[in-house]
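Below is one structure, written out as structure tokens; comments come after it.
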Amino acid sequence: MRGLAFLMALPAREVDSILAAVGSRLGSFQQLEVNKLREAVAAARKQGYACIGEHAVAGVTAIGLPVPGAGGAPVAALTVASTTSRMTLERQQDILPVLRREVHALAALLGGDGATQYKTGQHP
């Protein structure tokens with residue numbers, strides 16, 4: 001999950017490079033494929049947060065956001081995971097304001113600006 005939160009914050013060229021480097025190892029994550037991960041990055045950018053489930057751990061879905069550092073690049077990610085049955089879209093919408101607040105606070109401590117990045121689907 002943290003990986004998807006990082007990927008959503010990176011420029012397309014970097015995402016392509018990373019996916020090319022790790023593509024052959026993605027199958028160990030419940031049949032995750034490069035194209036599926038690329039679609040997840042696009043969806044994360046569109047919705048403004050990362051969400052993925054049933055890959056790293058069967059029966060678990062997680063949401064997350066990148067934490068930008070002083071230069072704007074992601075230096076960490078905050079995530080919340082739960083059983084897929086509990087991580088409904090409604091629950092995600094309940095968690096997101098808290099997650100965004102904590103990203104903003106952590107980014108401020110790290111010299112970044114978490115207030116505007118990734119809040120509305122903005123990305124490099």
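One-based numbering along the sequence shown.
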- Contacts of type side chain to side chain donor-acceptor pair (under 3.5 Å), residue Thr61, not counting sequence neighbours: Thr84
- Applying salt bridge (charged side-chain N to carboxylate O under 4.0 Å, His left out), which residue pairs with at least one partner in residues 6-22 are found, sequence neighbours left out? Asp16-Arg38
- Sequence neighbours excluded, which residues qualify as side chain to side chain donor-acceptor pair (under 3.5 Å) partners of Ser17? none
- Item | For the student: nearest non-hydrogen atoms of Ala107 and Pro68, plus distance | CB-O, 3.6 Å
- Among pairs that include at least one residue of residues 66-77, which meet side-chain hydrogen bond (donor to acceptor under 3.5 Å, both in side chains), considering only residues two or more places apart or in two chains? none
- Between the OG1 atom in Thr79 and the CG atom in Leu65, the distance rounded to the nearest 0.5 Å is 10.0 Å
- Walk me through it: do Leu7 and Leu37 pass the test side-chain contact (heavy atoms from CB on, under 4.5 Å)? CA-CA 9 Å; Leu7 289 173; Leu37 189 51; 4.1 Å; yes
- Task: Working to the nearest 0.5 Å, report the span between CZ of Arg45 and CG of Leu10.
- Result: 7.5 Å
- Query: Taking all atoms of both residues into account, what is the closest heavy-atom pair of Val103 and Pro66, and its distance?
  - Reply: CG1-O, 3.4 Å
- Item | Heavy-atom pair with the smallest gap, counting every atom of Arg100 and Gln47 | NH2-O, 4.4 Å
N/O donor to acceptor pairs below 3.5 angstrom from side-chain atoms of residues 90-99, sequence neighbours left out:
residue: Gln92; atom: OE1; partner: Tyr49; partner atom: OH; Å: 2.6
residue: Gln92; atom: NE2; partner: Met87; partner atom: O; Å: 3.3
residue: Gln93; atom: NE2; partner: Tyr49; partner atom: OH; Å: 3.4

- Note on the structure: With sequence neighbours left out, the residues meeting side chain to side chain contact (heavy atoms under 4.5 Å, CB included) with Leu110 are Val67, Val75, Leu106
